[in-house]
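All values below were derived from every heavy atom in this structure, side-chain atoms included, with hydrogens, water molecules and symmetry-related copies excluded. Labels below follow one simple rule: chain letters A, B, ... track the order of the sequence lines, proteins then strands, and each chain is numbered from 1.
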Amino acid sequence: MANFEYNPKEIEKKWQDIWDEEEAFKTSTDRSKPKYYALVEFPYPSGQGLHVGHPRPYTALDIISRKRRMEGYNVLFPMGWDAFGLPTENFAIKNKIHPRIVTENNVSRFKNQLKSLGYSFDWSREINTTDPEYYKWTQWIFLKLFEKGLAYKTEMPINWCTQCKVGLANEEVVNGVCERCGGEVVRKVKSQWMLKITEYAEKLLNDLDLVDYIEKVKISQKNWIGRSEGAEVDFNIKDTDDFIRIFTTRPDTLFGATYMVLSPEHPLIDKYKEKITNYDEVLEYREIASKKSDFERTELSKEKTGVPLKGISAVNPVNGNNIPVWISDYVLMTYGTGAIMAVPAHDERDFEFAKKFSLPIIEVVKGGNVEEAAYTDTETGILVNSGFLNGLEVKDAKGKIINWLEEKKIGKRKVNYKLRDWVFSRQRYWGEPIPLVYCEKCGWVPIPEEELPLTLPEVENYVPTETGESPLANIRDWVETTCPKCGGHAERETDTMPQWAGSSWYFLRYTDPHNDKAFASKEDLDYWLPVDWYNGGMEHTTLHLLYSRFWHKFLYDLGYVSTPEPYQKRTSHGMILGENNEKMSKSRGNVVNPDDIVNEFGADTLRTYEMFIGAFDQSAAWSQQGVKGCRRFLDRVWKVQDIIVDGDSFSKELEVKMHQTIKKVSLDFEQMKFNTAIAAMMSLINDFYSNGKVTKGEIKTFLILLNPVAPHITEEMWQLLKFEGRIYNQKWPVWDEEKTVEDTIEIAIQINGKLRGTALISLNEEKESVKEKVMSIDKIKEILEGKTIIKEIYVPNKIYNIVIK
RNA sequence: GCGGGCAUGGCGGAAUUGGCAGACGCACUAGACUUAGGAUCUAGCGCCGCGUGCGUGGGGGUUCAAGUCCCUCUGCCCGCACCA
């Protein structure tokens, strides 16, 4: 029958064209169907093209999407391009090609590659963050944030990449170097646009309860937000009316505070420069600290450094003791109040500092030896040396001292977050222009909505200026403009937005991508949101997820979207490593190009292998041999055509196996256990061959099960076997639970827990009758000879265990 | 340092509530078909001293029964990293 070879090259192109022509995967406008929104992270179209890591999540959700369509859902499964960003710009600078052209080329390459893999994306909804029709709305959302006071400009030390000459968010600094280029990062003070994500800290944390994210994603969100409860306490600066406000999570240890530490940047230092007798020394320390990158600050942490503020002392409010004030870079200006009370007896960092500078250590919680090490246990300790707190447990002491502080109005209960506001400025060309102008008279003024998008001007040169200004700053006729408010002279903001901007709301645009009246219509947003299943890499689980949740919540508060959370479910895929078990990279020479796999083996083989390679959420090493095995499987699927016989139902021999496989594949797909689902299908194919024949009913079901994984070969066979219509719009098969179990079962016979034989029994056979069978087996009789049976345990349909002495 | 994850044949990896460890694939071995085989098919394939033997990183425990539960130790991977 199959007198021709399986030829993926031919059939894959053929079916991709047919699907396009038939608009097979175009999202339906039929609102009567239940909706399903499946989302994968849209790629950054790099110059390298697709690598084999990309298809892993795409294939996974393509499988889910194809299955959902067969289950009767109206499915939205879109794709687009996160195309602003540094690599494109750097490439453009180097090769003197406009980044728009570079982007176009990269996108077209990526798109061809994705198309060759047969994904069921609705390409009519393709979006591109660099398209003015798209970034118009990115700018629009920014203006809303500005309008609501959530965008502000401030002078602040930022991480400055000396190589890219660009400001980086904390998150983009990895191990002290620039995440993208690996260049040195130093601190530099610049005026920056910031977004007040901290205002949403509590909601971003609490609403994690509303969603179904894998646990490790929730944990990383929580850690990043970093909520901690404690108190703010004011310490009087002796002989002044000023106070040093500190934040502590251990107000119970207040009696043990023997000195204070300010961050080197703390403003009170300037205020009291007259009083500080060693001010030169202080300035010198501050200078050194500011030059250090965050990385150096932490790297050199083995040894604490600091300078006392001579001439200044503070008063511990609980006991009136005078205590010295120091500055040290282990106290960060960006957390809490930039100042701490130091309790060396019960904080490791303070302990280390106190030991180095011979500062007093007072034990206030019993349980350790505070001469040897800080005692930080909060569960068991009892307060000592602490006046009215003596004898209390830590948790009770905390409550009591906070009440006391609040009564005396020298402190209050306080919640702090590690999360900081989002640095939203980039001094770069290839990003969304920030749609604000600065007017001497009116200050920062948004450009009118009808003038959006504010497009990027054409420039000769994309290199940032030496001073760190964006290249836009050099285009005077773009910069110079009039104030929309007063009509006077004004200048445009020349910073652009970070790459995170466009990806913070792209999932909303997919619901209505061509709308020119709104970022998406309320109707489409209401129907499609939330995203039912969002899969992406672990590397995006903190930032992208947090940022896009923030924007979504902001739009929710404004009434534009109707769900408090954007993504109902979030899963994560593991990385694909090279054959040598190392991360794939050019320099390691272990990169596998998906095009080569498609050419040699076919897209269906690539898809099958990517899903078979191992547990979806774990990293897995590529194996060319493994790819071959999957191709061999598809060859065997193809050749099954030789043994097909008539019959719409399942044969008696295979009925149970068929139902078991339908069940296994259906459930495994849902749990992203693609590897075992494919294993089950391989096993079924093996059974087809050992059975010597397959009915049309069996092959039909098999092809539908395999279709989400290998859509081309199954579509082709469906046609060759003259089944009706297209496989892509068949119904997903259902299993009959009763038919998933054989009526004859082999059980294990154990003696003292060790396997000593097996017996065939009928399903749910009574213990007595099973016992008879077991006791009649020669080998069992032999072992039992002369022994005493103490106990017999029968687990129905599983084991029969005899305990003897 | 803190948080999370992992450890099973030669390799990738399977194993509901504890219930026949090693599904499925790769590699390997033997045979068949062949001028040929890096194609295909058939069979075998955890280890050894071949036993009433041993075996899921090491040690201990609970249980009739442990990869799975508890205690403890070791090693690897990924986040975060002076967050008061």
Side-chain angles (χ1 to χ4, degrees), chain A residues 5 171 174-175 215-217 219-220 222-224 226-228 230 246-250 253 261 263 294-295 297-302 304 328-332 334-343 346-350 352-353 416-420 538-539 541-542 574-575 577 581 608-609 612-615 617-630 632-633 635-636 639 664 667 673 675-686 689 746-758 779 782-783 790-804:
Chain A
E5 292 280 298
E171 308 87 67
V174 175
N175 292 333
E215 201 49 35
K216 61 179 170 179
V217 172
I219 290 168
S220 64
K222 283 178 189 164
N223 289 345
W224 196 266
R227 182 182 198 275
S228 59
I246 59 99
F247 172 72
T248 176
T249 54
R250 295 294 304 277
T253 61
V261 186
S263 152
D294 273 351
F295 183 61
R297 266 169 91 145
T298 57
E299 262 309 89
L300 300 168
S301 69
K302 292 152 207 149
K304 290 266 183 291
S328 171
D329 62 7
Y330 85 90
V331 175
L332 310 174
T334 45
Y335 183 76
T337 60
I340 62 159
M341 67 172 194
V343 185
H346 305 288
D347 181 285
E348 278 164 28
R349 297 153 298 178
D350 299 344
E352 208 184 308
F353 193 85
N416 248 317
Y417 298 92
K418 277 198 264 186
L419 183 69
R420 292 169 205 175
M538 270 317 277
E539 66 274 22
T541 50
T542 25
M575 225 191 312
L577 307 171
N581 236 301
T608 307
Y609 179 62
F612 189 63
I613 192 168
D617 60 345
Q618 258 144 26
S619 58
W622 191 263
S623 151
Q624 200 69 8
Q625 293 299 339
V627 176
K628 266 161 71 177
C630 287
R632 203 170 298 163
F633 165 59
D635 280 327
R636 277 165 70 75
K639 280 193 220 131
K664 176 114 186 101
L667 297 179
K673 291 166 78 173
N675 54 338
T676 50
I678 291 167
M681 291 190 272
M682 288 173 167
S683 170
L684 181 58
I685 276 285
N686 292 345
Y689 281 103
E746 191 189 43
I747 63 159
I749 302 167
Q750 296 181 342
I751 310 254
N752 287 348
K754 298 209 187 254
L755 183 69
R756 288 291 177 258
T758 59
K779 186 171 177 203
E782 207 177 292
I783 298 169
I790 298 169
K791 202 170 169 186
E792 283 165 78
I793 297 134
Y794 174 54
V795 181
N797 307 322
K798 294 271 185 199
I799 60 137
Y800 196 96
N801 189 9
I802 305 163
V803 185
I804 59 172

[X] [atom1] to [N] [atom2], straight-line distance once rounded to whole Å:
{"X": "A/Tyr800", "N": "B/A65", "atom1": "OH", "atom2": "C1'", "result": "15 Å"}
{"X": "A/Lys222", "N": "B/C80", "atom1": "NZ", "atom2": "C1'", "result": "16 Å"}
{"X": "A/Leu577", "N": "B/C78", "atom1": "CG", "atom2": "C1'", "result": "12 Å"}
{"X": "A/Asn752", "N": "B/A65", "atom1": "CG", "atom2": "C1'", "result": "10 Å"}
{"X": "A/Glu348", "N": "B/G1", "atom1": "CD", "atom2": "P", "result": "10 Å"}
{"X": "A/Asp347", "N": "B/A84", "atom1": "CG", "atom2": "C1'", "result": "6 Å"}
{"X": "A/Tyr609", "N": "B/G13", "atom1": "OH", "atom2": "C1'", "result": "11 Å"}

inquiry  = Let me confirm one number: the CG-CD1 distance from A/Asn675 to A/Ile613, rounded to the nearest 0.5 Å.
reply    = 10.5 Å
Sugar-phosphate, base or nothing in reach of [X], heavy atoms under 4.0 Å:
{"X": "A/Ile802", "result": "nothing"}
{"X": "A/Thr249", "result": "sugar-phosphate"}
{"X": "A/Ser220", "result": "nothing"}

N/O contacts under 3.5 Å, protein versus nucleotides 41-51 of chain B?
unit_1, atom_1, unit_2, atom_2, d
B/C41, OP1, A/Arg636, NH1, 3.0

task = Report, as yes or no, whether the 6.0 Å neighbourhood of atom CD on A/Gln624 holds more than 12 heavy atoms from other residues, nucleotides or ligands.
result = yes
For the side chain of [X], counting heavy atoms from C-beta on, which of [options] is nearest?
{"X": "A/Lys791", "options": "B/G13, B/C64, B/A84", "value": "B/C64"}
{"X": "A/Asp329", "options": "B/C82, B/C80, B/A84", "value": "B/C82"}
{"X": "A/Arg756", "options": "B/A84, B/G53, B/C80", "value": "B/G53"}

query = Pick one for B/G4: is it syn, with its angle within 90° of 0, or anti?
reply = anti
request  = By nearest nucleotide on RNA chain B, pick out whichever of A/Ala615 and A/Thr248 is the more 5' one.
outcome  = A/Ala615
message = Give the dot-bracket line for RNA chain B from 5' end to 3' end: parentheses for intra-strand Watson-Crick or G-U pairs under 3.5 Å, square brackets for crossings, | for inter-strand pairing, dots for unpaired.
response = (((((((..(((......[....))).(((((.......))))).(((..).))..(((((..]....))))))))))))....
key: Nucleic acid contacts - residues 334-341 of chain A versus RNA chain B, non-hydrogen atoms under 4.0 Å   = A/Tyr335, A/Ile340
key: Contact check, side chains of A/Ile340 and A/Thr248, non-hydrogen atoms, under 4.5 Å   = no
query = Going 5' to 3' along nucleotides 16-24 of chain B, which nucleotides have protein heavy atoms under 4.0 Å from the base (write B), which only from the sugar-phosphate (write S), and which from neither (write -)?
reply = BB-BB--BB
task = Quick one, give me the B/S/- string for nucleotides 3-11 of chain B, reading 5' to 3', where B means a protein heavy atom under 4.0 Å from the base and S means that only happens at the primed atoms, P, OP1 or OP2.
result = SS-S-----
task = Using modelled atom types only, decide if a donor and an acceptor are shared between the side chain of A/Asn752 and the backbone of A/Ile804 within a distance under 3.5 Å.
result = yes
ask   = Between A/Tyr689 (side chain) and A/Arg636 (backbone), is there a donor-acceptor pair under 3.5 Å?
value = yes
query = By ring pair (Phe, Tyr, Trp, His ring centres under 6.0 Å), which residues pair with A/Tyr800, not counting sequence neighbours?
reply = A/Tyr794
key: Shortest non-hydrogen contact from A/Leu755 toward A/Ala748   = CD1-CB, 3.6 Å
